Amino acid sequence: MNVAVIFAGGVGSRMNGAALPKQFLEVHGKPIIIHTLEHFETHPDIDAIAVAILPQYNDHLNRLLKRYEITKVRWLVAGGSTGQESRHVALQAVAAECPEETVVLIHDGVRPLINSELISENIESVHLHGSAITCTKFNETVVSSQTQHIDGVIPRDHIYAAGAPQSFRLGEILDLYDRAVADGENNSIDSCTLMNHYGHEIYRVDGPRSNIKITTAEDFYVCRAFFETIENRQIAGI
């Protein structure tokens, strides 16, 4: 069984005062969260979807799910005060009904430019290696700096940026979230960080640079440009 775990509990505090949380802002006529969910909805290997969302937006999201005929959402859980808490409660909801061997693909609700190939590669990597961390090659010069003084330049040949999905066996990743809470860690950056912290081997899956996370207003405009490029390619038959 393969389950997408989508966390969309943010309030969009870096989106310059948007009226709605960023996941509900529209790009090309649809809310960002719907674009994201549609990729998992239409993928033949995804059996169900869990979404962690702020409780006050439950009704709004339910209306959107009906309007856009998203039928695979099986769990709608209240997001926590941090990303870690949101991911944790969603995993717990899935674990209450699914076996430990279930493959879970943990993904940001505000990464709407994922594609079916990347979903398939994540699932395959979990079957082969037990994990999949979607990464993109880092093309900029990387420096180390604790103040305005640059302490050093890091060779970028083997530097990647970890994104999402981040995919695992359900039992293994939920155990690490439980351990993190027991150890007093409540605000880890992502699942990749937890896996590394507890000494587990993790494996890379290469993803497209277009698979951006919409955090700021600038990200929103970049995302919109990517959608326009995709649309133009479809019109041109490329």
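This chain uses plain numbering: 1 for the first residue, then up along the sequence. The model shown is predicted, which means the values in this text are computed figures rather than measured ones.
A single hydrophobic cluster is seen to contain both Val27 and Tyr221, as judged by linkage of ILVMFWY side chains at heavy-atom distances under 4.5 Å, directly or through other members. Hydrophobic clustering (side-chain heavy atoms under 4.5 Å, transitive across Ile, Leu, Val, Met, Phe, Trp, Tyr) keeps Val181 apart from Phe7. With hydrophobic clusters built from ILVMFWY side chains whose heavy atoms lie under 4.5 angstrom apart, Tyr203 does not share a cluster with Leu170.
Asp190 and Thr193 form a side-chain donor-acceptor contact under 3.5 Å, judged by distance and modelled atom types alone. If you check the side chains of His127 and Arg169, you find a donor sitting under 3.5 Å from an acceptor. For the residue pair Thr134 / Asn122, a side-chain donor-acceptor distance below 3.5 Å is found, with atom types taken as modelled. A side-chain donor from one of Thr216 and Glu218 sits under 3.5 Å from a side-chain acceptor of the other. Using modelled atom types, one finds no donor on one side chain facing an acceptor on the other under 3.5 Å when comparing Ser131 with Glu201.
More than 12 heavy-atom neighbours from other residues, nucleotides or ligands sit within 6.0 angstrom of CG on Leu128. Environment of CD in Glu26: crowded, with over 12 heavy atoms of neighbouring residues, nucleotides or ligands closer than 6.0 Å. Around CD of Glu38, the count of heavy atoms belonging to other residues, nucleotides or ligands within 6.0 Å exceeds 12.
Taking both residues in full, the closest heavy atoms of Ile202 and Cys192 are given as CD1-SG, 3.8 Å, listed atom of the first, atom of the second, then distance. For the residue pair Asp219 and Lys213, the shortest heavy atom distance occurs at OD2-O, 3.4 Å. Smallest separation of non-hydrogen atoms from Thr36 and Pro112: OG1-CA, 3.2 Å. The minimum heavy-atom distance between Gly207 and Leu118, with the atom names listed, is CA-CD1, 4.0 Å. Shortest non-hydrogen contact noted between Ser125 and Val205 is CB-CG2, 3.7 Å. When all heavy atoms of Ser145 and Gln148 are compared, the closest pair comes out as OG-C, 4.0 Å.
Proximity of a side-chain donor or acceptor of Glu41 to a complementary backbone N or O of Ile70 within less than 3.5 Å is not detected. Although no hydrogens or angles enter the test, the distance criterion places a donor-acceptor pair under 3.5 Å between the side chain of Asn115 and the main chain of Glu117. In terms of modelled atom types and a separation under 3.5 Å, the side chain of His35 and the main chain of Leu113 share no donor-acceptor contact. Panel note: side chain Glu124, backbone Val126; no donor-acceptor pair is recorded below 3.5 Å. Under a 3.5 Å cut-off, the side chain of Gln23 and the backbone N or O of Ala8 do form a donor-acceptor pair. A donor-acceptor contact shorter than 3.5 Å links the side chain of Lys72 to the backbone of Ile46. The closest donor-acceptor contact from the side chain of Arg209 to the backbone of Lys137 lies under 3.5 Å. Panel note: side chain Asn2, backbone Asp47; no donor-acceptor pair is recorded below 3.5 Å. Between the side chain of Ser116 and the backbone N or O of His43, no donor-acceptor pair lies under 3.5 Å. Between the side chain of Asp45 and the main chain of Ser120, no donor-acceptor pair closer than 3.5 Å is present.
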Using a 3.5 Å cut-off and no angle test, enumerate the donor-acceptor pairs between side-chain atoms of residues 153-165 and protein atoms at least two apart in sequence or in another chain.
unit_1	atom_1	unit_2	atom_2	d
Arg156	NH1	Asn139	O	2.5

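No side-chain heavy atom of Ile53 sits less than 4.5 Å from a side-chain heavy atom of Ile33. Annotation: side chain of Val5 is not in contact with side chain of Arg87 (no heavy-atom distance under 4.5 Å). Residues Trp75 and Val3 have side chains in contact (heavy-atom distance under 4.5 Å, counting atoms from C-beta outward). Side-chain contact between Leu105 and Ile119 is present, with heavy atoms from C-beta onward closer than 4.5 Å.
Here SG of Cys98 is found 5.0 Å from CZ of Arg74. Values are rounded to the nearest 0.5 Å. In this structure, CG on Leu176 lies 10.0 Å from OG on Ser188, to the nearest 0.5 angstrom. Here the SG-CG distance, from Cys135 to Asp206, works out to 7.0 Å after rounding to the nearest 0.5 Å. In this structure, CG in Leu76 is found 9.5 Å from CG in Asp59, a value given to the nearest 0.5 Å. Rounding to the nearest 0.5 Å gives a distance of 9.5 Å between CD1 of Ile114 and CG of Asp108. Residue Ile106 holds its CD1 atom at 12.0 Å from OG of Ser86, rounded to the nearest 0.5 Å.
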Inset, instruction - May I have the step-by-step check of side chain to side chain contact (heavy atoms under 4.5 Å, CB included) for Leu194 and Phe168, ending in yes or no? - result: CA-CA 12 Å; Leu194 283 182; Phe168 315 90; over 6 Å; no
Legend entry - Step-by-step side chain to side chain contact (heavy atoms under 4.5 Å, CB included) determination, Gln166 to Ile133: CA-CA 5 Å; Gln166 297 183 2; Ile133 307 299; 4.0 Å; yes
Inset, instruction - Go through Val73 and Ile6 one step at a time and tell me if the side chain to side chain contact (heavy atoms under 4.5 Å, CB included) criterion holds. - result: CA-CA 10 Å; Val73 174; Ile6 311 298; over 6 Å; no
Inset, instruction - Kindly determine whether Met195 and Ile173 satisfy side chain to side chain contact (heavy atoms under 4.5 Å, CB included), including the steps that lead there. - result: CA-CA 8 Å; Met195 289 289 282; Ile173 191 62; 3.9 Å; yes
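Taking the six-membered ring where tryptophan is involved, the planes of His88 and Tyr177 are tilted, since the angle between them lies from 30° to 60°.
Aromatic ring centroids of Phe40 and His107 lie under 6.0 Å apart.
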